[in-house]
Amino acid sequence: MFESEFAVQENIVSRSNQDGTVVIMKMDDGNTFFKINGVAAMVWKELSKSRKINEITKEIIENYNAPESVILSDINNFLQTLLQKELIKKN
Amino acid sequence: MKLPDLKEFINVWPSSLGILKEKVLAYFKINNIQIDNVWFPDIEVIFPFSLNNKSKIQVVLFGGFLERIFESGNWPDKEFTFWCLSSKVKKILIEVLDFPINSIRTIDRQSLFNKPQNPIDLDLDKISQIYYSGRLSSQKNIEMFLAFTSEFQKKVSREIEVTLFGDWDNHAPKNRGRYIIDSYQDAVVSFQKKLEFSSPPKFIHSLSHYEWPSQIKGNAMMANFSTFVCEDFGVSVAQSQELGIPMILSKWGGHCDVNAINSHWVDIDDIGESFSFEDKIVLKAKSVVNKLFDKKLEKTISEISSASIVEYSFVDIYILQKMRIKAMEKIGNEISFMGQDRMSLFASTTSGKDFFKIFSNVFSGKS
């Protein structure tokens, strides 16, 4: 998973709020919204800047006081969810 | 308790309706249609004394058409034929409320205002002003307009003048149920503070329909995201079209009849309505801006009604009574609230919610 590159789908709009959360909507489905927070929001914001997932993950491991295995597992699950919901795609 | 300021009723409503009345009467004269038996119940709220001696009455319905029809139990014992300004109003009356098909005719909106001499091409790279003109009301989704202009400014990364011509009111969208608004202005100002603007919006108040067009600058674009239940025409939209200005319009009610090659409709599902949560309004605005730049918005090219002889008929007061009773049987007794100036109460009932779902589908051209 971490060797792959991901990109936000083209039909997505998102908004970063002052409280750190990010709200996401698909342009062709204005009735469903996704709200993400915490580290997940950070991953999303960096993915939106077209950054590579392994770089983002490395940065999070360096900056957060949590076991690496937990962070890797959380990010992996988050990416799976984003793929499943068709919010991101593999490049 | 403070009573509402009458200024908003005196200055805003009659100016739009007054212009429409003038235009309709001029249309009747040009087309040799009798004008001495015409009644505008949205303006003349009591049946005019001057029409007492007429047996056949031509009723011109404006935006309050739903309420006027359910008030018809108080009309005199005469025969009536109806005119309206929108194909969607006609469709609601015929398909939802079972009006006799030949009793209502639509006046094509293109025949009420002048055709633009030189429609201005929509060039997104050159837009220097985006404006809205009309009531500053939750019924008109002003938050969506502000979010749209904010996102537009961000997209083009340059200053664009954002102007709103109009006066504040606290009227709630009555087809959504019962809302009480203390100050819509405060709500909008608070919302606006959370948006990014390279050039902050200007609110220009107290200009009449004859005055605001002079404030339009070069390369302007109009945006109107109204989903007001009474949006049967849109005078400022017609004025903008007359000036050839490109427009971004909600595909709703009278806007559905706009025929302007330089303008676009926004599907109502893409509009963040007032009282939606803030993120929803902003994301929908962002989505509309993206669709506009990606050329994914539908062009406002409506079907022009062909010039043909239209058969019409008068209906008596008992036919109207039967129509109201049938509507009560079909939709629910609560629909009679509409004839008591209590649309919001009806909208908060189960049958009202069902009715307005059907209404929205028809009024937005989805069915």
Side-chain angles (χ1 to χ4, degrees), chain A residues 4-53 56 60 64 74-75 77-91, chain B residues 141 143-144 146-156 176 190-197 225 227 248 250-252 264-298 353 357 360-361 364 366:
Chain A
S4 306
E5 287 183 23
F6 300 93
V8 173
Q9 293 272 13
E10 283 153 10
N11 65 338
I12 298 295
V13 282
S14 64
R15 183 189 194 208
S16 300
N17 287 319
Q18 285 177 343
D19 62 2
T21 60
V22 176
V23 184
I24 303 166
M25 184 190 90
K26 289 183 186 178
M27 282 165 57
D28 51 5
D29 178 8
N31 293 317
T32 309
F33 295 83
F34 303 90
K35 188 170 184 175
I36 52 179
N37 53 22
V39 174
M42 188 182 162
V43 172
W44 177 269
K45 285 176 197 170
E46 297 304 315
L47 280 176
S48 304
K49 294 176 196 164
S50 305
R51 287 194 62 198
K52 290 178 179 172
I53 191 64
I56 302 168
I60 291 170
Y64 286 83
D74 281 355
I75 293 178
N77 289 340
F78 178 57
L79 291 171
Q80 294 287 2
T81 309
L82 292 177
L83 283 169
Q84 193 187 350
K85 304 277 183 197
E86 297 180 334
L87 299 171
I88 60 169
K89 61 183 178 184
K90 272 187 185 178
N91 273 344
Chain B
N141 302 319
E143 293 95 328
M144 176 72 186
L146 291 172
F148 170 80
T149 51
S150 163
E151 294 300 326
F152 192 100
Q153 282 188 351
K154 279 195 243 172
K155 186 91 174 174
V156 297
R176 304 278 176 223
S190 160
F191 177 78
Q192 184 197 316
K193 283 180 184 163
K194 297 171 192 163
L195 302 174
E196 292 171 37
F197 285 100
F225 300 106
T227 49
I248 306 296
S250 50
K251 194 172 184 189
W252 180 255
H264 294 83
W265 281 311
V266 175
D267 188 288
I268 57 160
D269 288 342
D270 287 342
I271 291 173
E273 293 185 301
S274 298
F275 305 110
S276 300
F277 64 96
E278 189 185 298
D279 287 327
K280 184 173 180 177
I281 298 170
V282 173
L283 290 181
K284 290 201 168 193
K286 203 176 260 197
S287 169
V288 169
V289 169
N290 286 347
K291 286 180 181 179
L292 175 62
F293 277 82
D294 294 343
K295 301 190 190 312
K296 286 181 180 165
L297 290 184
E298 189 182 356
K353 284 173 188 158
K357 270 184 206 159
S360 290
N361 274 334
S364 61
K366 290 182 192 290

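Here is how names work: the chains are called A, B, and so on, in the same order as the sequence lines, proteins then strands, and each is numbered from 1. The basis for the numbers below is simple: all heavy atoms, side chains too, and nothing from hydrogens, waters or symmetry mates. What you are looking at is a predicted structure, and each value in this text was computed from that prediction instead of being measured.
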- Select, from B/K296, B/K286, B/K194, the one with the greatest count of heavy-atom pairs under 4.5 Å involving chain A. B/K286
- State, yes or no, whether a side-chain contact exists between A/I53 and A/I75 at a heavy-atom distance under 4.5 Å. yes
- Per-residue contact mode, A/N17 against chain B (heavy atom under 4.5 angstrom): side chain
- Reported CE-to-CE distance for the pair A/M25 and A/M27, which is rounded to 0.5 angstrom: 7.5 Å
- Side chain, backbone, both or neither: which part of B/D279 has an atom under 4.5 Å from a heavy atom of chain A? both
- Task: Could you check A/W44, A/F34, A/F6 and say which one makes a side-chain contact (heavy atoms from CB on, under 4.5 Å) with A/L82?
- Result: A/W44
- Message: So for B/K291, is it side chain, backbone, both, or neither that comes closer than 4.5 Å to the heavy atoms of chain A?
- Response: both
- Item | Pairwise side-chain contact, B/L292 with B/F152, heavy-atom cut-off 4.5 Å (strictly under) | yes
